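Read through the structure below, which is laid out as structure tokens, and then see the notes.
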There are 2 protein chains.
Amino acid sequence: MKSVRNTTAKTEIQELIANSPVALSHTEIQSATNGLCDRVTIYRILERLTVEGLIHKVVNVDGVVKYAGCHSCSEKHNHNHIHFSCQKCKSVTCLEDVEPSYKLPKKYTVSEMNFTLSGLCPQCS
Amino acid sequence: MKSVRNTTAKTEIQELIANSPVALSHTEIQSATNGLCDRVTIYRILERLTVEGLIHKVVNVDGVVKYAGCHSCSEKHNHNHIHFSCQKCKSVTCLEDVEPSYKLPKKYTVSEMNFTLSGLCPQCS
DNA sequence: TAGCTTAATGCAACAATGTTGCAAAAGTAA
DNA sequence: TTACTTTTGCAACATTGTTGCATTAAGCTA
């Protein structure tokens, strides 16, 4: 029987992500926690938090992987919202209220959506 | 005055991408060309072709960088279309005809769009 | 076609990001 | 506290991408 343990590092990283208005990268988390735990441990904690559905992974348009808290995923884990990527400050924000519409002409089976708009965020424009 | 030279490697890689129905990664191009040129040269050719507007760079939802030919970019370089990423065969396809609609509530300035749907492609479903 | 200029290439070395194995440390239930 | 098992730290490795520099070769000109 596998059980989950709440360690200091895990709790602190989860709160860091939950309280951040923007998605955070592994590097940003590492600087923010400043020696709290090993680089590898951060990777493993992020992996665990993602599997547990407490955070979600966002790959930015420049390929940088970031992590954001799941705010409205309590009942169903839904990430079909738009992300905004600021080209100036490099921040990635979840725009949870915006859902895009589209129509597929061919016979594709869709199970996931990833929609990122780039430009300037309110702070930078 | 900087001029552009058409080398064997550049021509071959450009044709490879142009004739492929799916976007190709650096690794895939390297295997396909099989020792045609150095690994670094491939990176530099892809960079040049992108700058010249002959191909475009697509970052897949899993962070893998791929390159696709520009088919309908003759007059204006427009990449505001949907990409489809197959979760089984890992192929990335440009669905050039599909343009999604959305509405942004807050004061964001949008200059680029990146929309990728994941699931099963016609071949895999 | 031969020579010249410089863009393009190959090679080595480096950087960033992510993964894996294993022994040691630390949660948690009893 | 004890025992069990998850989690961590460390070292080593893998992949992907970048940079500097000497050499090669594309393409213009004579």
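Convention: sequence-line order gives letters A, B, ...; per-chain numbering from 1. All values reported here derive from a predicted model rather than from experimental measurement.
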Interatomic distance, Lys66(A) NZ vs dG18(C) C1' [rounded to whole Å]: 17 Å
N or O in side chain of Ser3(A) less than 4.0 angstrom from dT6(D) OP1/OP2: no
Glu47(B) CD to dT9(C) C1', straight-line distance once rounded to whole Å: 16 Å
side-chain contact (heavy atoms from CB on, under 4.5 Å), paired with Leu24(A), selected from Ile29(A), Val92(A), Val58(A): Ile29(A)
Closest-nucleotide 5' rank along DNA chain D - winner of Cys37(A) and Val4(B): Cys37(A)
Donor-acceptor pair (no angle test) under 3.5 Å: Arg39(B) side chain, dG17(D) base: yes
Separation of dG18(C) P from Gln30(A) CD (nearest whole Å): 11 Å
Integer-rounded Å distance: dT15(D) C1' and His26(A) NE2: 16 Å
Interatomic distance where CG belongs to Asn6(B) and P belongs to dA25(D) [whole Å]: 17 Å
Length of the CG-P vector between Leu46(A) and dT7(D), whole Å: 14 Å
Atom-pair distance (CD1 on Ile42(A); P on dT7(D)), nearest Å: 16 Å
Residue whose nearest DNA chain C nucleotide is more 5′ - Asp38(B) or Tyr43(A): Asp38(B)
Ile45(A) CD1 to dT19(C) P, straight-line distance once rounded to whole Å: 15 Å
Touch class at under 4.0 angstrom, heavy-atom based, for Val40(B) against every strand present: base
Electrostatic pair Glu47(B):Lys57(B) at N-O distance under 4.0 angstrom: no
Arg5(A) vs dA25(C): side-chain N/O to OP1/OP2 distance below 4.0 Å: no
Short side-chain N/O contact to dT8(D) OP1/OP2 from Arg48(A), under 4.0 Å: yes
Flag, side chain of Thr41(B) to backbone of Cys37(B), donor-acceptor distance under 3.5 Å: no
Contact under 4.0 Å: Thr27(A) side-chain N or O vs dT17(C) OP1/OP2: yes
Thr7(B) side-chain N/O to dT9(C) phosphate OP1/OP2 under 4.0 Å: yes
5'-most by nearest nucleotide on DNA chain C - Gly35(B) or Thr8(A): Gly35(B)
Salt-bridge criterion met for Lys90(B) and Glu28(B) (N-O under 4.0 Å): no
Any donor-acceptor N/O pair, Thr7(B) side chain to Lys10(B) backbone, under 3.5 Å: yes
Donor-acceptor pair (no angle test) under 3.5 Å: Arg44(B) side chain, dG10(C) base: yes
